[in-house]
Amino acid sequence: MTDRYDPHEIEPKWRNRWLADNLYHASDDDPRPKWFALTMFPYPSGDLHTGHWYAMAPSDAAARYRRMLGFNVMFPMGFDSFGLPAENAAIKRGVDAKEWTYANIDRMREQLKLMGAGFDWDREVVTSDPEYYRWSQWWFLQLYNRGLAYRAEAAANWCPGCKTVLANEQVVDGRCERSDDVVQRRFLTQWFFRITAYAEELLKFEGIQWPESIRTRQANWIGRSEGARLSFAVDVPGVDELLTVFTTRPDTVFGATFMVLAPEHALVEKITTAEQRASVTAYAESASRATEIERLSTDREKSGVFTGAYAINPFNAERIPIWIADYVLVTYGTGAIMAVPAHDQRDFEFAEKFGLEIRPVYAPKEGALPNPLREALAHGSRTISSGAFDGLDEAQAFEQMVDWASERGVGERTTNYRLRDWLISRQRYWGAPIPIIHCEQHGIVPVPEEDLPVTLPEHVTFDSSGVSPLTQIADWVNVRCPVDGGPARRETDTLDTFMCSSWYQMRFADPHNSERPFSRAAAKQWLPVDQYTGGGEHAVMHLLYSRFFWKAARDMGLVEGDEPMLRLVTQGVILGPDGNRMSKSRGNVVAPDELVSQWGADAFRCQLMFVGPWDQGGPYNPTGMAGIVKWLHRLWGLATEEPTLSTDADEEATRTLRRATHKTIRAVTAEMEGFRFNTLISRLMEHTTAMQRARAAGSVDRAAWEEAIATAILLTAPLAPHLAEELWERIGKPYSVHLAAWPVCDAALARDDEVELVVQVNGKVRDRVTLPLEASEEEARVAVFASAIVRQWLDGAEPRRVIYVPGKLLNVVL
RNA sequence: GCCGGGGUGGCGGAAUGGCAUACGCAGCGGACUUAAACUCCGCGGCCGCAAGGCAUAGGGGUUCGAAUCCCCUCCCCGGUACCA
C-alpha cells in the first residue's frame, strides 16, 4: 500500500471494480423512488473533448449525489451517431461511414469510462443501430398516421455544402449551422413534422424548472402574435381569388395605401399586368437569387416593383395598388401585407422611396400631427380619417373593425406564429431511411410496421457529385408496393438526426425492447427525466423538438405528463485559456486525455467544476490544476495519517471541529442542490484546512475526527469518485462509498456559540466585538459603547440613532 | 434595433442590502530538505511613516448602510432580427 496519493494506481482499480460489479446499473424493480438524470449524449466525432468533460463531470456529480440521497438513479449514456461528419469522412477519405462511426464510438466509450462517471452502460443506446432506428421509423409512421407528418412543396433551406435541406432551426445567420455555407432558398417537396400544431402548448412551461433564458428563446422562436386576417378583393378581370393579409393592426386599415406581396407569392403571376410583367419577373428573379443573408439585412434600402394591379379595401372600397417587395417574407403570415406607412416604419420607408401616399389614421398622443410625417407613428390616441370608426382608441378600433369584417366574411381574428413546421427529410445517406414507399398506383404508402426496420444499405460508395448513394442502389430503391405488390420506389431521403435524438430519453427507460419502443410499465417507472443537463445552444432545436415529440407521444397515450424533462440546467461554454472558443486554428485546445494521464480523472473533473459558475462557462487554464491537486493530496494525507486520537481532548477544540464538519455538510448540500460546484469545492477546501488545524493543534477527539474524515470523504465522493472510494476503504468502511448515505447536518452541532458583531460608526466599519449568541440588543449596546475605539469616534457626541442587526452588526449614527 | 447574461485584485472568481476581494492560480518571504515538490507556515487592492483616506465599468439617486436596489451612459458575451 502506497502512502502517497497516486491517481494512476487507484483510478483504474476502482473503475474496473465498478464496471465488474455493475455498480451503477439502475434496476427496474427497486422500491426506492426513481431519479432519471440525463446529460445530453454526444455525437461520436472521434474524441471526447474538454467540452464533453465540462458538461458531463458535474452532471455525474449531481447524479451521484442523488444516489447517495437514496434515489434509484438512472444515469444512462449513448451516442447520437447518425449525421453528416461520418458521411463527409466517407466522401473525403474513402472510409466507410459505419465503420468510421463505430470506431469512434468504441474510442469515446473508453474515454467516457476514464471519466469515472456512473453511467449505466447496460442501457446504452446508439441511434444508428437498426434496433434503435427501427423505432425512429416507427415514430415517423405513428406521426404520419396521426397527420403530424406530411409531404409538401415549400421554400426550403438548401445547404450547397451539405447538399441537403435544413430545418429553419439549423440556419444560423443565413448560414448552415454545421458547414457554415450560405443557405439557398429552393422550392422542393419535403417531409415535415407538424410542430406548429403544438405551437400554443409549447409556449407553456408549466410544472417544469427550466432556465429563463431557454424559455425566452423558445417563446421568441415560436413568435406568437395576435391579430387578424383581412381579405381584399383583387381588381383584375378573371381573378376572383382574395388577397388575404395577416396584420396585428387591423385598426389601421383605413390607412392602408398600398399592398405588398412577397415576390414568391402565388398571386403575383395571376395579377401582374402585361405592362408590368417584365419588371416584376426581373425583380422576382433577382430576389430569388439573393441569398438569405442579403434579403434579411435590415439596414438595406427598400426595393420593390408595382404589379400594375389593384386591390379593393373592403372597408371603404378604395382601390389600392399592389406591389411586390422582398421585405415581405413568403414564409410568414400569408406572405402578403396591407401597408400602412403612417403607422409602420417599414411601410413608411417604402412609401417614401416610391412616392406612395402616407395617410395617418390616428391622432398623435400629444400635440398636432407633423406635416409631413418624419417617421411612422407606431401608436396614437384616437382614430381619424376612418369613416364610421373615427374617435376610437386602439383597443376599441381593433375590436369594432374586426367585428365589422367578420360579419361581412372578409376577416377574422387570428393568432399567427413565427414557428414553421419542422422539415425532417435530408438528402443524405447516413441517417434513418424514411419508411415510405412511393407507388405509381397508390402514391405515398407507409412501410408496414412489421417490415421495420427499413435497413440502411452498408458499404456504399460515394461518387464525386456528392449525391446520396441511396438514390443509386437499384435493388434497394426498387421495391414492391405493400398494397398490391406492383412496382414502387423507396423514399431515398433520411430522417434529420434531431428526430432520432428527440425521443432517446424515452428509449433509455427500456432500451432493449424488441417489441415496441418501450413498454408502458418502463415508461411509468422512469419517465419523465427528472434532471436534464446540457448545452443551451440546443434551445430551439433539440430542446424544442423533444417537447414537441413528448406531447405527440402523450396524445398517442404512450407517456404520461406534459413535459419530457422536469428540470433543466444548462452549462455555459468552456473556453480556451485565452478566453476564446477552443479551436485547432487558434491553437488553444486543451486535450483532456493529456491532463488525465498527468493528473488523473478526479483532479481534472474537480478543476473543471472549480473554475467558475457552471452555467456561465468561461476560460479554462490547466495551470490552476495545482490547487486542486494540492487539495486532493491534503485530503489524502488527513485520511491516511491519523493524528493523536484521544477521548479526553480539549472540549472547545472538539466542538470547533464538529461545528466545522456540520457547517460544511449544510453548505455543500445547498451548493449541490443549486449546481454551484465552484463554491462547493471551496467549502470542502475550507473544511480540509479546518481538519489540518485540528490535527496540528495536538490530540484530537476520536469521534469528532472520525466524523470529520468520513464526512469529508462522503461529500467529496460525487466530485472525485475514485479518490473517495479508495479513502473510504482505507478508513475501514464497507464498499461502496457511492452507495453510502449522504451525511445529514445536525443544526445543534453547526450552531455558533458566539458571534462577532461588526461595529459601524456612520456606516463605516470601526471595530468588532464578540458576544454570546443569545446577546440582547441592550447587551450589544453596552459592549459596543464600552469599546475605546468607538468612544474615540463618538468624541463625546450623543448618537442620533443606533441600528442593530442581531448577530451581524451594530451601526451608530451621529 | 429588440431579448437575455455580464463588467469586482496580475488571473479564475466569492459576497444579491450589513466585515468587499472567500476559495484557488500566478507572485513574494520563510520552514523542512543534500536537493526538490503534487510538503508545511506566512504575506499580498491602491495611496499614506502613521492616523486615516480611496477603491466593485462611469455618472447620479434611494438608504443608518449599496458590488448588490432605482435612473442614465459606456463596454463585453450570447440569442434574435424587414415577423407585418
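So that the names make sense, note that chain A is the first sequence line, chain B the second, and so on, each numbered from 1. No hydrogens, no waters, no symmetry mates; every other heavy atom, side chains included, goes into these values.
Atoms CZ (A/R4) and C1' (B/U39) sit 9 Å apart, rounded to a whole Å.
To the nearest 0.5 Å, atoms OH (A/Y54) and CG (A/L575) are separated by 9.0 Å.
Place A/Y417 and A/K808 on RNA chain B by their nearest nucleotides, and A/K808 ends up nearer the 5' end. Between A/V540 and A/V758, the residue whose closest nucleotide on RNA chain B is further toward the 5' end is A/V758.
Which of B/U80, B/A84, B/C25 sits closest to the side chain of A/R418 comes down to B/U80. Relative to the side chain of A/S682, the nucleotides B/A84, B/C23, B/A81 differ in distance, and B/C23 lies closest. Distances from the side chain of A/V765 to the nucleotides B/A20, B/G18, B/A84 place B/A20 closest. Side-chain atoms of A/K630 lie closest to B/C25 of the nucleotides B/C25, B/C23, B/G24. Distances were taken from every side-chain heavy atom of A/E756 (C-beta onward) to each of B/C23, B/C64, B/C19; the shortest belongs to B/C19. Checking B/G18, B/C40, B/A84 against the side-chain heavy atoms of A/N811 singles out B/G18 as nearest.
Residues A/R766 and A/Q760 have side chains that never bring a donor and an acceptor to within less than 3.5 angstrom of each other.
Residues forming a ring-ring contact (aromatic ring centres under 6.0 Å, His included) with A/H722 (at least two apart in sequence, or on another chain): A/W18. For the ring-ring contact (aromatic ring centres under 6.0 Å, His included) test, residues two or more places apart in sequence or in another chain that qualify with A/F498 are A/Y545. Applying the ring-ring contact (aromatic ring centres under 6.0 Å, His included) criterion to A/F354, with sequence neighbours excluded, gives A/W323, A/F350.
Between the C1' atoms of B/C41 and B/G58, the separation comes to 42 Å (whole Å). Comparing B/A67 with B/G7, their P atoms sit 14 Å apart, to the nearest whole Å. Comparing B/C74 with B/G59, their C1' atoms are spaced 10 Å from each other, to the whole Å.
Nucleic acid contact for A/R768: base, since at least one base atom lies under 4.0 Å from a heavy atom of the residue. Using a 4.0 Å heavy-atom cutoff across all strands shown, A/Q760 reaches at least one base atom of the nucleic acid. Residue contacts for A/R217: at a heavy-atom cut-off of 4.0 Å it reaches the sugar-phosphate backbone alone, with no base atom in range. A/S225 comes within 4.0 angstrom of sugar-phosphate atoms only, judged by non-hydrogen atoms across all strands, and of no base. Within 4.0 Å (heavy atoms only), A/V805 reaches at least one base atom of the nucleic acid.
Across A/D602 and A/L723, no two heavy atoms sit closer than the pair OD2-N, 2.8 Å. Nearest heavy atom pair, residue A/F677 against residue A/A61, reads CE2-CB, 4.2 Å.
Residues A/L377 and A/P360 are not in side-chain contact: their nearest non-hydrogen atoms beyond the backbone lie 4.5 Å or more apart.
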For RNA chain B, the dot-bracket pattern of Watson-Crick and G-U pairs whose distances stay under 3.5 Å, | for other-strand partners: (((((((..(((.....[....))).(((((.......))))).(((....)))..(((((..]....))))))))))))....

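Ring pair A/F604/A/W599: centre-to-centre distance not below 6.0 Å.
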Polar atom pairs between nucleotides 49-54 of chain B and protein, under 3.5 Å, N or O only, would you list them?
residue : atom : partner : partner atom : Å
B/G53   : OP1  : A/R766  : NH2          : 3.3
B/G53   : OP2  : A/R766  : NH1          : 3.2

Sugar-phosphate or base contact per nucleotide [nucleotides 2-15 of chain B; S, B, -; heavy atom under 4.0 Å]: -SS-------BSS-

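Salt bridge annotation for A/R224-A/E200: present, with a cationic side-chain nitrogen under 4.0 angstrom from a carboxylate oxygen. Electrostatic pairing of A/K353 and A/E349 does not count as a salt bridge here, judged by no charged N lying under 4.0 Å from a carboxylate O.
Cation-pi contact between A/R4 and A/W636: absent, since separation from the ring centre below 6.0 Å together with deviation from the ring axis within 45° is not met.
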